[in-house]
Amino acid sequence: MQFDTNNDGLISFAEYIFFVTLLSIHESNFTVAFKMFDIDHSGVIDREEFKKIMALMRSFNRQGSTHKDGLRIGLKVGKPVENGGVVEYFFGSDGNEPLHFDKFSKILKELHDEIIQLEFSHYDVKSSKTIPAKDFALSMVASADMNHINKLLDRVDSLVKEPDLKDIRITFEEFKAFADLRRRLEPLSMAIFAYGKLNGLLTKEDLKRAAQHVCGVDLTDRVVDIIFHVFDTNQDGNLSPEEFLRALQRRETDIREPTIPGPLGFLSCWFSGRKCSSLKHVVI
């Protein structure tokens, strides 16, 4: 609705790539890039500076980098990603209005929130404003590694046999809190792995504390109970942090996969808790 400036119910392919890029941007990354281009520290940038920032963001995005000129593969016509409705919405009809950082950050947050609302609505088929524990668990493992998906789905199916879990209903607020935690995967991964190295097994209270104090996200007891049930893969009553973080990482970074080799790709793997081929060559 915001970018369909001719009201034909469609957005251009270039604008679609723009949205994909927006959804792949972590707010901290955009903040750094924005500040670098905001030479006079005014809190605003112009259209050309914005295009440079978005080009940089797309370079870290597999789909965005493939279609970096806004063209479909095999087609000879198209237009740059930052033209059309995008320019008019952010920079006015003439493209000369400055873009304020606060405005862009607000739009970015609203876009992420709307995607979460759409996903929740997909599971909330009866519009009851809550979803079953099993559906919430399915949303957690939806992007899990195919090598591990079967055992995780078995754990999801077994929820209906647990008297304390089978009747749990998850609210949108709880669903969104978990989505917010997923977007803070880097600090969560570091906290969980560091704690595990020092103290061994991770308890439910440890996970809640990491989410709250490190990521600023409050998880309810029932959300934590479901997480522990699904990712207790050997059924010893403890969380398997590798399985948990792997599933979250694949979900959150499917469209953020680094496209460039070298230090940036290495750091992305390291901070997201992933095992990378480049790590094989590092000797500590």
Side-chain angles (χ1 to χ4, degrees), residues 24 26-29 112 116 133 136-149 151-156 158-159 162 165 168 170 173-258 263-280 282 284:
S24 73
H26 195 285
E27 186 175 349
S28 61
N29 295 341
H112 279 283
I116 295 169
F136 174 63
L138 284 172
S139 75
M140 287 195 295
V141 305
S143 295
D145 191 325
M146 291 304 293
N147 294 324
H148 305 272
I149 189 68
K151 62 181 178 181
L152 291 175
L153 289 176
D154 287 342
R155 297 295 295 160
V156 171
S158 69
L159 274 169
E162 297 292 329
L165 299 177
I168 287 178
I170 299 298
E173 288 72 24
E174 291 173 311
F175 189 85
K176 183 178 181 299
F178 185 77
D180 290 341
L181 182 67
R182 197 171 56 226
R183 294 194 65 224
R184 294 164 174 79
L185 189 60
E186 292 179 5
L188 179 67
S189 298
M190 295 192 72
I192 287 179
F193 278 119
Y195 188 88
K197 289 290 185 183
L198 294 174
N199 298 288
L201 299 176
L202 197 74
T203 67
K204 292 180 180 180
E205 286 303 315
D206 294 332
L207 178 60
K208 288 185 67 175
R209 188 169 61 254
Q212 183 179 43
H213 295 304
V214 178
C215 304
V217 175
D218 289 321
L219 298 179
T220 62
D221 288 340
R222 53 189 184 177
V223 165
V224 173
D225 287 342
I226 295 171
I227 290 172
F228 266 69
H229 176 85
V230 172
F231 295 100
D232 175 16
T233 51
N234 58 3
Q235 302 183 45
D236 64 353
N238 297 301
L239 180 72
S240 172
E242 292 82 5
E243 295 284 3
F244 175 57
L245 293 172
R246 184 185 296 119
L248 266 63
Q249 177 268 322
R250 285 182 62 87
R251 163 65 184 268
E252 191 63 13
T253 60
D254 271 348
I255 60 174
R256 294 189 193 180
E257 189 77 24
L264 288 177
F266 171 81
L267 286 174
S268 177
C269 292
W270 175 261
F271 284 119
S272 61
R274 284 181 288 151
K275 293 181 179 179
C276 306
S277 58
S278 56
L279 287 175
K280 297 177 182 178
V282 178
I284 299 178

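Index from 1, following the sequence.
- At least one side-chain heavy atom of F231 sits less than 4.5 Å from a side-chain heavy atom of V141.
- Heavy atoms only, all atoms of each residue included: F175 and I170 are closest at N-CG2, 3.9 Å.
- Screening T220, D221, D218 for a side-chain hydrogen bond (donor to acceptor under 3.5 Å, both in side chains) involving K208 leaves a single residue, D221.
- Using bins of under 30°, 30° to 60° and over 60° for the plane-to-plane angle, the ring pair F178/F136 lands in the perpendicular bin.
- Considering CD1 of I149 and CG of D154, their distance stands at 10.0 Å, rounded to 0.5 Å.
- Rounded to the nearest 0.5 angstrom, L181 CG and C215 SG are separated by 5.0 Å.
- Here the side chain of R184 pairs a donor or acceptor atom with the backbone of D180 at under 3.5 angstrom.
- Between the CD1 atom of I116 and the CZ atom of R183 there is a distance of 7.5 Å, given to the nearest 0.5 Å.
- The CD atom of E162 lies 7.0 Å from the CZ atom of R155; values are rounded to the nearest 0.5 Å.
- Once rounded to the nearest 0.5 Å, the distance linking CZ of F244 with CG of L188 reads 6.0 Å.
- Screening V223, L152, I226 for a side-chain contact (heavy atoms from CB on, under 4.5 Å) involving M140 leaves a single residue, I226.
- Interatomic distance, K204 NZ to L219 CG, rounded to the nearest 0.5 Å: 12.5 Å.
- Residues P187 and M190 have side chains not in contact (no heavy-atom distance under 4.5 Å, counting atoms from C-beta outward).
- Using a 4.5 Å cut-off on side-chain heavy atoms (C-beta onward), D206 and I192 make no contact.
- Residues H229 and D225 are not in side-chain contact: their nearest non-hydrogen atoms beyond the backbone lie 4.5 Å or more apart.
- For the residue pair L159 and A133, the shortest heavy atom distance occurs at CD1-O, 3.9 Å.
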